[in-house]
Amino acid sequence: MSGSLVTKNGKNVVNKISDNQFQIEKDSSRGMNVPVTIFANDMLISKMALDRTLDQAVNVTTLPGVRKHMVVLPDGHEGYGFPVGGVAASDFEEGIISPGGVGYDINCGVRLIRTNLLESDIRSNLKHLVDSLFSSIPTGVGSEGAIKLTNAELDDLLIDGARWSVEHGYGIDSDLEACEEGGKMNGADPSDISTNARKRGSMQLGSLGSGNHFLEIQKVDKILDKKAANIMGITQEGEIQILIHCGSRGFGHQVCSDYLRLSEQAMKKYDLNVVDRELACVPNNSTEGESYRKSMFSALNFAWANRQMLTHWTRMTFQKVLNLTEQDLEMKLVYDVSHNIAKVERHKIDGEGSRDLVVHRKGATRAFPSGMKQLPLKFQSIGQPVIIPGSMGTASWVLLGSTKSMDLSFGSTAHGAGRTMSRSAAKRMHTLDGVKKKLESRGIYVRSLTKNGLIEESPDAYKDVDMVADVSHNVGIATKVVRLVPLGVIKG
DNA sequence: ATGTGC
């Protein structure tokens with residue numbers, strides 16, 4: 001491919017800066033406040049130009065107070081208003097906050113748990129392990145968890161996040177320091193949460209959900225950065241790891257819906273106009289902005305509490321099936337990262353010094369470098385573990401945040417593979433047997449609640465996660481540490 | 001993603 005690429009709506013020209021960096025220049029005449037920077041390669045960016053990904057990124061640059069640039073990561077694809085796989089930073093004082101900039105699944109995220117087991121320790125028990133996980137962890141749309149909370153208990157959980165779960169017996173103290181924000185976002189306040197969100201939330205606590213959410217038993221395929229891997233507790237190839245990918249379930253979904261509606265109404269009051277109604281937003285410093293932040297933070301905490309509970313049941317299942325005690329079976333949390341979040345961070349902007357920005361990461365992972373005070377002590381010297389799940393049944397990656405991310409991507413990198421085939425296309429092109437056979441041929445045992453759940457998540461409906469990790473590594477926003485491959489999967 | 005699609 002040579003020359004420049006034009007986006008789907010025909011209005012935006014993409015310039016290639018280098019092999020892995022592209023740009024859409026700022027055009028003030030079309031209301032753009034900043035340029036768009038895209039980290040990709042020729043193949044990935046050509047796919048982004050086929051749908052609305054890049055045009056949506058340009059739309060975001062027209063929002064009030066957007067700073068520096070809109071970032072699109074190599075896994076970018078179209079989403080609700082804002083593209084998924086993007087970072088939009090808005091000025092704390094003069095900018096906006098937008099529910100669509102976080103997305104429906106608030107704090108969709110992943111956590112990686114390392115074990116002291118090798119593949120040979122579990123091969124003969126793999127099916128039993130997967131079956132037991134499948135029966136002890138509720139999956140599927142609308143699935144209900146084992147826990148029923150009163151309103152007052154739910155309030156406590158929404159304020160304390162994973163800490164609530166640990167204090168109620170689901171996990172250990174050291175789990176908390178291995179979570180972004182310690183698994184508890186300060187400033188969460190559930191007082192504006194709707195009754196409807198509460199109703200859905202309290203029922204679904206402690207469940208995995210559906211779509212691309214999964215729990216995988218994986219093994220270490222390759223270690224590329226031994227020093228970083230060792231500090232994370234990952235020591236050798238063949239070591240068993242658990243990856244949990246899920247979010248805030250119907251609770252966060254309802255919070256997002258509630259605030260999209262509220263934002264659309266409040267925009268009239270603030271005389272805010274947006275080029276796409278899906279970009280509904282409110283001034284960050286407004287009553288409505290504060291209300292969304294408090295409620296969205298509550299949903300972050302819901303998701304962290306939820307992943308913490310699933311961690312506990314995973315540990316119990318492994319102990320029981322393998323007949324090992326808590327002492328003999330090490331299952332330590334490596335790290336837990338959020339993929340859908342907005343929070344205030346200080347970032348340098350060329351010519352303006354440092355500013356407080358509302359960093360919207362939608363399908364993006366924080367990738368802070370060494371020395372950042374937000375990181376737990378043991379990662380201060382190397383940087384933050386970044387966990388990137390592939391699609392079900394494909395590889396996943398652990399990367400390491402790097403100083404370049406602070407200059408290039410507001411301290412962020414990609415979050416996953418990103419779809420390349422719609423759910424309906426995946427259904428047309430695959431059968432249940434075909435997908436199962438393909439996974440089995442790779443030695444992967446899957447339990448799924450629904451037929452469509454499996455077909456829609458067929459590995460070839462997604463981009464190549466290795467390519468996504470490569471772009472991140474080559475640009476230097478996060479570097480490769482460990483490649484993981486699945487052995488067993490449970491999903492909705 | 002989701003008590004799944006205008």
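In the text below, chain A, chain B and the rest are named by the order of the sequence lines, each starting its count at 1.
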Seminar exercise, completed: Across all chains, not counting sequence neighbours, the salt bridge (charged side-chain N to carboxylate O under 4.0 Å, His left out) partners of Lys199(A) are none
For this session: Give the ring-plane orientation class for Phe302(A) versus Phe251(A), where under 30° counts as parallel, over 60° as perpendicular and anything between as tilted.
Result: parallel
Exercise. Between Arg361(A) and Glu345(A), does at least one N-O distance fall below 4.0 Å, as a salt bridge requires?
Worked result: yes
Exercise. To the nearest angstrom, how far is Tyr80(A) atom OH from dG5(B) atom C1'?
Worked result: 14 Å
For this session: Nearest whole angstrom, please: distance from the C1' of dT2(B) to the CG of Asn452(A).
Result: 15 Å
Exercise. Once you round it to whole Å, what is the distance between C1' of dT2(B) and CG of Asn306(A)?
Worked result: 14 Å
Problem set entry | Counterpart residues, ring pair (Phe, Tyr, Trp, His ring centres under 6.0 Å), relative to Phe297(A) (two or more places apart) | none
Exercise. What is the distance from NZ of Lys199(A) to C1' of dT2(B), rounded to the nearest Å?
Worked result: 16 Å
For this session: Check salt bridge (charged side-chain N to carboxylate O under 4.0 Å, His left out) between Arg366(A) and all other residues, then give those that pass, not counting sequence neighbours.
Result: none
Problem set entry | Residue whose closest nucleotide on DNA chain B lies nearer the 5' end, Val141(A) versus Cys108(A) | Cys108(A)
For this session: Respond yes when some side-chain nitrogen or oxygen of Ser210(A) is under 4.0 Å from OP1 or OP2 of dT2(B), and no when none is.
Result: yes
Problem set entry | Partners passing salt bridge (charged side-chain N to carboxylate O under 4.0 Å, His left out) against Asp258(A) (at least two apart in sequence or in another chain) | Arg261(A)
Seminar exercise, completed: For Arg249(A), the salt bridge (charged side-chain N to carboxylate O under 4.0 Å, His left out) test, sequence neighbours excluded, returns none
Exercise. Roughly how many Å is it from CG in Leu260(A) to C1' in dT2(B), rounded to a whole number?
Worked result: 13 Å
Exercise. When we call it a touch if two heavy atoms are under 4.0 Å apart, what does Glu144(A) touch: a base, just sugar-phosphate, or nothing?
Worked result: nothing
For this session: Remember a base hit wins even if backbone is also touched, and classify Asn196(A) as base, sugar-phosphate or nothing at under 4.0 Å, heavy atoms.
Result: base
For this session: Using a cut-off of strictly less than 4.0 Å between a heavy atom of the residue and any atom of DNA chain B, enumerate the qualifying residues of residues 247-259 of chain A by number.
Result: Arg249(A), Gly250(A), His253(A), Gln254(A)
Problem set entry | Interatomic distance, Arg419(A) CZ vs dT2(B) C1' [rounded to whole Å] | 14 Å
Problem set entry | Rounded distance (Å) that lies between atom C1' of dT4(B) and atom CD of Glu457(A) | 13 Å
Exercise. Starting at CG of Asn340(A) and ending at P of dT2(B), how long is that distance when rounded to a whole Å?
Worked result: 11 Å
